[in-house]
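Data block below; observations after.
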Amino acid sequence: MENQEAKVLPSFELVKEVEAKSGQPVGRCYQCKKCTGGCPMSFAFDLFAHQIVRYVQLGLKEPLLKSKSIWICACCKTCKSRCPNGIDISALNDTLKAMALKESAGAAEGKVAAFHDAFVSSVERYGRVHEAGMLARYKLKTKTYTQDMSLGIEFIKRRKLKLLPEKVRQLREIKQIFQRAKEKSQ
Amino acid sequence: MKFTYYPGCSLHSTAEEYNLSNQAVFRALDIELEELNDWNCCGATSAHSTNEFLSHALPLRNLVLAERQGNDVVVPCAACYNLLRNADHHVRFGGEKGESLNAEIEAVMGSRYRGEIAVRHIVDVLTEPEVLKKLESKIKKPLEGLKLAAYYGCLLTRPPKVVSFEENPEQPCKLDLLIEKVGADSVRWSYKTDCCGGSLSISQPELVIKLTQTIVEAARYAGAEAIVCACPLCQANLDTRQHEAGGGPGGSTLPVLYITEVLGLALGLPGSEQWFRKHLIDPAPLLKSLDLLPAS
């Protein structure tokens, strides 16, 4: 029987789309693997950094949007600093995360998405992050009530968590920034 | 010397001791800090992970406010510093995209960012030759015998073209320089710039525990008795996740100090007790054993 996989040909549509959205010159990558060599999260990745770039080049959209790696990238920019072609893989991952959420693939690591959502919501509401409120929202969303409980108690004992939020006076400006951000992502 | 000070959200809550020690050290060095009026959150990792416009516009609002206030901005948090620098770079060198971002912020705030100020990290300011000279002249208690590992983390030096104030971002040396200036020993080690996973600390703790464990073990192996950092996220992460990683031999843990806490001790500034009480791993026993704690 003929090998079906051998018929898969590279598609250049994804690379064009991701290059435009992320501003990263994905086409330049020649797979030297320096990114993966320095990546502190490699031990937990389902797709290595160099594979993410290669998959984009080949148009393998589905495994990319379902990948855990795009969510657990620590965004430390070691890959970008060392890439001889100036490709920022964490910026690719940001683009792929947005695509995964939009194209109903959802987040392969839902807790990471829930955290970002809780964080950004706090900024939208007050202009600054209210850590206690942000954590409460995250825990409600993920139902991880017991996780880090003892740590939370230590923080409260040391008065490291403020109960009341701080607010920006010109909240109108923050709301407008968020409004524009939403319009652009539509 | 006068700067506009952008504390960032952490320094008003979980990293209050960093805020207090910064204020104390800069005052002692006769550098005036004026907090940025009505500053907002920089958006951190969560903004750039969810919306590109947000990740540029939030820090840019702070830059416009800072320009109105007139002085260069000094930032203590590595993540805030990184994002503010990134927004500044985007407007200066981002061509059409940078221009359109600036136009949007003008529509919101009534003024645009002209790029007439600079964004600097506190370590960059503290290692200026004249500041170092002043620091040296004011040392009351050299921290002799204290072995420290300088930990830079990721966002102080990466990506180098946009943010680094170090000559060699793969081998940064300015934190080490400050440690040596106050008489402590800065150990040589290989994990200076490895990421601690700060942005995933809440959502992926088991991965972050692994990263912090590697960093702390490397520091211990190099002979360090404590780790020194210049970022509230690095500090929180290394300070809170060591117990879960089981600690070192016999469950031992390494205290994680802010650079300005270290300088504050050497300058003999009051208030250090208040700073150290905020740490989960209490640095006081180590400092006491070397007779470095101020008499209370």
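Order of the sequence lines fixes the chain letters, A, B, ..., with proteins taken first and strands second; residue numbering starts at 1 for each chain.
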Closer than 4.0 angstrom, basic N to acidic O: yes or no for A:Asp148 and B:Arg241? yes
Is the closest side-chain heavy-atom distance between A:Val168 and B:Trp39 below 4.5 Å? no
Minimum-distance pair of heavy atoms, taken over all atoms of B:Cys41 and A:Val123: SG-CG2, 3.6 Å
Counting only heavy atoms not in A:Glu13 (residues, nucleotides, ligands), do more than 12 fall under 6.0 Å from its CD? no
Considering non-hydrogen atoms only, spot the tightest contact between B:Leu54 and A:Ala181 and give its length. CD1-CB, 3.8 Å
Quick one, A:Lys77 and B:Cys154 - any side-chain contact, counting heavy atoms below 4.5 Å? no
Can A:Lys160 and B:Ser13 be said to form a side chain to side chain contact (heavy atoms under 4.5 Å, CB included), step by step? CA-CA 5 Å; A:Lys160 281 169 90 82; B:Ser13 58; over 6 Å; no
Take atom CZ in A:Arg125; do more than 12 heavy atoms of anything else shown fall under 6.0 Å from it? no
Nearest 0.5 Å, what's the CG-CD distance between A:Leu161 and B:Glu16? 11.5 Å
Under a 4.5 Å cutoff for heavy-atom pairs, which residue among A:Thr144, A:Ile177, A:Val120 has the most contacts with chain B? A:Ile177
Hey, could you give me each pair passing ring-ring contact (aromatic ring centres under 6.0 Å, His included) that has a residue in residues 15-54 of chain A? Not counting sequence neighbours. none
Side-chain donor-acceptor pairs under 3.5 Å in residues 190-200 of chain B, sequence neighbours left out?
{"from": "B:Lys192", "atom 1": "NZ", "to": "B:Pro172", "atom 2": "O", "distance (Å)": "2.9"}
{"from": "B:Lys192", "atom 1": "NZ", "to": "B:Asp176", "atom 2": "OD1", "distance (Å)": "3.2"}

B:Ser10 portion near chain A, given a 4.5 angstrom heavy-atom threshold: both
Has A:Lys16 got more than 12 heavy atoms of other residues, nucleotides or ligands less than 6.0 Å from its NZ? no
Among A:Tyr126, A:Phe155, A:Trp71, A:Tyr138, which has the most heavy-atom pairs under 4.5 Å with chain B? A:Tyr138
Could you tell me whether B:Glu52 and A:Lys184 make a salt bridge, using a distance below 4.0 angstrom between a side-chain N and a carboxylate O? no
Polar side-chain atom of B:Asn40 near backbone of A:Arg128 as donor-acceptor pair, under 3.5 Å: no
Assert top hit (heavy-atom pairs under 4.5 Å, partner chain B, pool A:Cys75, A:Gly38, A:Ser22) equals A:Cys75
Derivation and outcome, side chain to side chain contact (heavy atoms under 4.5 Å, CB included), residues A:Gln176 and B:Met109: CA-CA 10 Å; A:Gln176 279 189 29; B:Met109 300 180 68; over 6 Å; no
Interchain contact, A:Lys21 with chain B, by part (heavy-atom threshold 4.5 Å): backbone
Residue from A:Glu166, A:Lys80, A:Lys111 scoring the most non-hydrogen pairs under 4.5 Å with chain B is A:Glu166
Polar contact flag, side-chain donor to acceptor under 3.5 angstrom, A:Glu131-B:Thr14: yes
Okay, A:Ile72 and chain B: the region with an atom under 4.5 Å from a heavy atom over there is both
Greatest number of non-hydrogen atom pairs under 4.5 angstrom with chain A, of B:Ala107, B:Ser49, B:Pro159, falls to B:Ser49
Audit row: B:Leu58, A:Phe178, side chain to side chain contact (heavy atoms under 4.5 Å, CB included) steps and yes/no: CA-CA 9 Å; B:Leu58 286 173; A:Phe178 271 85; 4.2 Å; yes
Once rounded to the nearest 0.5 Å, what's the spacing between atom NZ of A:Lys162 and atom SG of B:Cys9? 11.5 Å
How would you list, in number order, the residues of residues 80-105 of chain B that have a heavy atom less than 4.5 Å from chain A? B:Glu104, B:Ile105
Shortest non-hydrogen contact from A:Ala44 toward B:Leu207: CB-CD2, 3.6 Å
Are any side-chain N or O atoms of B:Asp38 and backbone N or O atoms of A:Gln170, one a donor and one an acceptor, separated by less than 3.5 Å? yes
What part of A:Ile70 gets closer than 4.5 Å to chain B, counting heavy atoms only: side chain, backbone, both or neither? neither
When every non-hydrogen atom of B:Ala44 is compared with those of A:Phe119, the smallest separation belongs to CB-CZ, 3.7 Å
Count the heavy atoms belonging to other residues, nucleotides or ligands that lie under 6.0 Å from CD of B:Glu167, then report whether that count exceeds 12. no
Please check if the side chain of A:Arg180 supplies one atom and the backbone of B:Ala57 the other of a donor-acceptor pair under 3.5 Å. no
Around A:Lys141, counting heavy atoms of other residues, nucleotides and ligands shown, do more than 12 lie under 6.0 Å from its NZ? yes
What part of B:Lys161 gets closer than 4.5 Å to chain A, counting heavy atoms only: side chain, backbone, both or neither? neither
So what's closer than 4.5 Å to chain A heavy atoms on B:Leu211: side chain, backbone, both or neither? side chain
B:Arg61 side chain vs A:Glu173 backbone, donor-acceptor pair below 3.5 Å: no
Within a 6.0 Å radius of atom CD on B:Gln69, are there more than 12 heavy atoms belonging to other residues, nucleotides or ligands? yes
Looking at B:Lys278 and A:Arg158, would you say the former's side chain and the latter's main chain have a donor-acceptor pair under 3.5 Å? yes
Determine, step by step, whether B:Phe53 and A:Lys182 satisfy the side chain to side chain contact (heavy atoms under 4.5 Å, CB included) criterion, reporting the C-alpha distance in whole Å, the side-chain angles of both residues, the deciding distance to 0.1 Å, and the verdict. CA-CA 9 Å; B:Phe53 176 76; A:Lys182 277 174 199 159; over 6 Å; no
Taking all non-hydrogen atoms of both residues, which atom of B:Ser203 and which atom of A:Phe115 are closest, and how far apart? CB-CB, 3.9 Å
If I measure from the heavy atoms of chain A, does B:Leu280 come under 4.5 Å with its side chain, its backbone, both, or neither? both
With a 4.5 angstrom heavy-atom cut-off, could you sort out which part of B:His279 is near chain A: side chain, backbone, both or neither? backbone
Do any of residues 89-101 of chain A have a heavy atom less than 4.5 Å from a heavy atom of chain B, and if so, which, in residue order? A:Asp94, A:Lys97
Heavy-atom distances under 4.5 Å only: say whether A:Arg159 touches chain B with side chain, backbone, both or neither. both
Among B:Leu155, B:Thr45, B:Ile202, B:Val162, residue most engaged with chain A (heavy-atom pairs, under 4.5 Å): B:Ile202
